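Keep in mind the model is a prediction, meaning the values are calculated, not measured. Only this structure's heavy atoms are used, side chains among them; waters, hydrogens and symmetry mates stay out.
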Amino acid sequence: RKLDQEQLHRQNEYLTVLHRITLDLLNRRERNDLLQSIINYASEIIDAPYVEIRLREGDELVTYACTDNQSFAKGDRGKRNQVVYTWQAYDTQKVVIVEDYSSSPLRRDLYKSISFRAVAYFPIIARQVCLGVLDLSRVEPNKPFTTEEIQQGTLFAQLVALLLDNVNLHEAAAREIEQRKQAETQVQRQNEYLTAMYRITLDLLNRRNRDDLLQSIIKHVSDIITAT
């Protein structure tokens, strides 16, 4: 019973921290800043020194953010035959656990300078669509991810999905506002053009001298070009 109480206490502490993190991250609008903050929080809370977030671009999973100790991985692009475990988590939309990555035949040369041991891959799912994968890695031998830590990692992946969805909605709204502004500017320019043409017509109807007529045309055309 004491063990259950301790576990419940840890869960409550974790949920409290997660709530604070959510409030902090909701105030961030720049995608890379958001992802890097999530990386740092996940690394600290789940005790995983190496963390990556890969998002899908076409037929590749691209590392958008990672901990500083593996900065060489940022921007890395992996196809299905290159980052096999990551794609497995992506395709199945289920957590994939590797007990000892360093001894796996699917280990990548990119990470040959780091002896990864336990690695966990968490799919990032929003609106039933997988956006990417959150990877958590350890180098300490015989330190697998516990059931509780896997639950925490799953919650973190869900948090990433929600926050990315929030950023996407914000960006879409910003694009729509910009498009409306551009449309309004275009309408205003068209109105200015029509007004100028109307003035030209009235002016030309009242002129009979050829030189005056030519000068008037030049002036009005100049005004139209400037307005548009």
Side-chain angles (χ1 to χ4, degrees), residues 11 14-15 18 21-22 25 31-32 34-67 70 73-112 114-169:
Q11 288 176 343
Y14 172 73
L15 291 174
L18 199 62
I21 292 172
T22 304
L25 296 179
R31 184 188 299 267
N32 292 336
L34 172 67
L35 294 177
Q36 196 59 50
S37 296
I38 293 172
I39 287 286
N40 296 335
Y41 280 127
S43 177
E44 179 181 356
I45 291 176
I46 306 179
D47 189 21
Y50 298 86
V51 185
E52 288 185 24
I53 290 179
R54 287 181 178 264
L55 301 179
R56 183 171 183 175
E57 286 187 7
D59 62 348
E60 297 175 316
L61 286 172
V62 182
T63 301
Y64 270 74
C66 58
T67 45
Q70 54 177 348
K74 193 168 186 178
D76 177 65
R77 312 179 78 88
K79 296 182 181 296
R80 278 185 165 79
N81 63 338
Q82 295 174 313
V83 286
V84 178
Y85 293 124
T86 315
W87 273 106
Q88 182 181 343
Y90 181 94
D91 290 331
T92 62
Q93 296 193 6
K94 294 181 179 179
V95 180
V96 174
I97 303 295
V98 178
E99 297 296 339
D100 187 1
Y101 183 87
S102 64
S103 63
S104 170
L106 300 177
R107 176 171 59 95
R108 294 187 69 198
D109 288 341
L110 177 67
Y111 303 107
K112 62 184 179 181
I114 307 173
S115 297
F116 287 140
R117 299 302 179 129
V119 182
Y121 303 84
F122 300 89
I124 300 168
I125 304 168
R127 303 173 189 267
Q128 299 182 333
V129 176
C130 194
L131 305 177
V133 178
L134 169 68
D135 302 354
L136 303 175
S137 304
R138 288 172 173 162
V139 294
E140 186 177 344
N142 303 316
K143 191 177 181 182
F145 290 98
T146 65
T147 300
E148 183 179 350
E149 288 169 339
I150 292 172
Q151 291 174 346
Q152 291 175 346
T154 300
L155 287 175
F156 252 106
Q158 292 173 356
L159 176 60
V160 174
L162 289 172
L163 293 171
L164 282 176
D165 200 34
N166 180 59
V167 169
N168 290 338
L169 290 173

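The CD atom of Gln93 lies 4.0 Å from the CD1 atom of Ile125; values are rounded to the nearest 0.5 Å. Within the model, atoms CD of Glu99 and CG of Asn142 stand 10.0 Å from one another, a figure rounded to the nearest 0.5 Å. Here the CD atom belonging to Gln88 is positioned 10.5 Å from the NZ atom belonging to Lys94, to the nearest 0.5 angstrom. Here OG1 of Thr67 is found 7.5 Å from CD of Glu52. Values are rounded to the nearest 0.5 Å. Between atom CZ of residue Phe122 and atom CD1 of residue Ile46 there is a gap of 6.0 Å, rounded to the nearest 0.5 Å. Within the model, atoms CG of Asp76 and CG of Leu110 stand 5.0 Å from one another, a figure rounded to the nearest 0.5 Å.
Of the possible polar contacts, one joining the Arg107 side chain to the Ser102 backbone as a donor-acceptor pair under 3.5 Å is found. Looking at Ser43, its side chain does come within 3.5 Å of a backbone N or O of Ala48 through a donor-acceptor pair. Under a 3.5 Å cut-off, the side chain of Tyr90 and the backbone N or O of Cys130 do form a donor-acceptor pair. For Tyr101 (side chain) and Arg108 (main-chain N/O), a donor-acceptor pair under 3.5 Å exists by modelled atom type. In this structure a side-chain-to-backbone donor-acceptor pair under 3.5 Å is missing from Arg54 to Arg56.
The 12-atom threshold is not exceeded at CD of Glu44, counting heavy atoms of other residues, nucleotides or ligands nearer than 6.0 Å. By the neighbour-count criterion of 12 heavy atoms within 6.0 Å, atom CG of Asn81 is densely surrounded, having more than that number from other residues, nucleotides or ligands.
Residues Pro123 and Ala89 come closest through the heavy atom pair CB-O, 3.5 Å. The minimum heavy-atom distance linking Gln36 with Ala65 is given by the pair OE1-CB, 3.9 Å. For Leu131 against Ala126, the heavy-atom pair with the smallest separation is CD1-CB, 3.8 Å. Of all heavy-atom pairs spanning Ile45 and Gln152, the tightest one is O-OE1, 4.3 Å. Pairing each heavy atom of Ala157 with each of Ile124, the nearest pair is O-CG2, 3.8 Å.
For the pair Leu35 and Leu164, the minimum side-chain heavy-atom distance is below 4.5 Å. Contact annotation: the side chain of Leu159 never approaches that of Tyr41 to less than 4.5 Å [non-hydrogen atoms, C-beta and beyond].
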task = Decide side chain to side chain contact (heavy atoms under 4.5 Å, CB included) for Leu106 and Val98; before the verdict, give the C-alpha distance in whole Å, the side-chain angles of both, and the deciding distance to 0.1 Å.
result = CA-CA 11 Å; Leu106 300 177; Val98 178; over 6 Å; no

query = Can Val139 and Ile114 be said to form a side chain to side chain contact (heavy atoms under 4.5 Å, CB included), step by step?
reply = CA-CA 8 Å; Val139 294; Ile114 307 173; 3.7 Å; yes

request  = Check the pair Glu57, Arg77 against side chain to side chain contact (heavy atoms under 4.5 Å, CB included), reporting the backbone distance first and the verdict last.
outcome  = CA-CA 9 Å; Glu57 286 187 7; Arg77 312 179 78 88; 2.6 Å; yes

query = Where do Thr63 and Gln70 land on the side chain to side chain contact (heavy atoms under 4.5 Å, CB included) test, with the steps shown first?
reply = CA-CA 11 Å; Thr63 301; Gln70 54 177 348; over 6 Å; no

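Remark: of the listed residues Ile150, Ile39, Val51, Asp47, Val51 is the sole one forming a side chain to side chain contact (heavy atoms under 4.5 Å, CB included) with Leu136.
Geometric assessment of Arg138 against the ring of Phe145 yields a positive cation-pi assignment under the 6.0 Å and 45° thresholds.
Taking the six-membered ring where the residue is Trp, Tyr111 and Phe116 present tilted rings, their angle falling between 30° and 60°.
A salt bridge links Lys79 with Asp59: the distance from a Lys NZ or Arg NE/NH1/NH2 to an Asp or Glu carboxylate oxygen falls below 4.0 Å.
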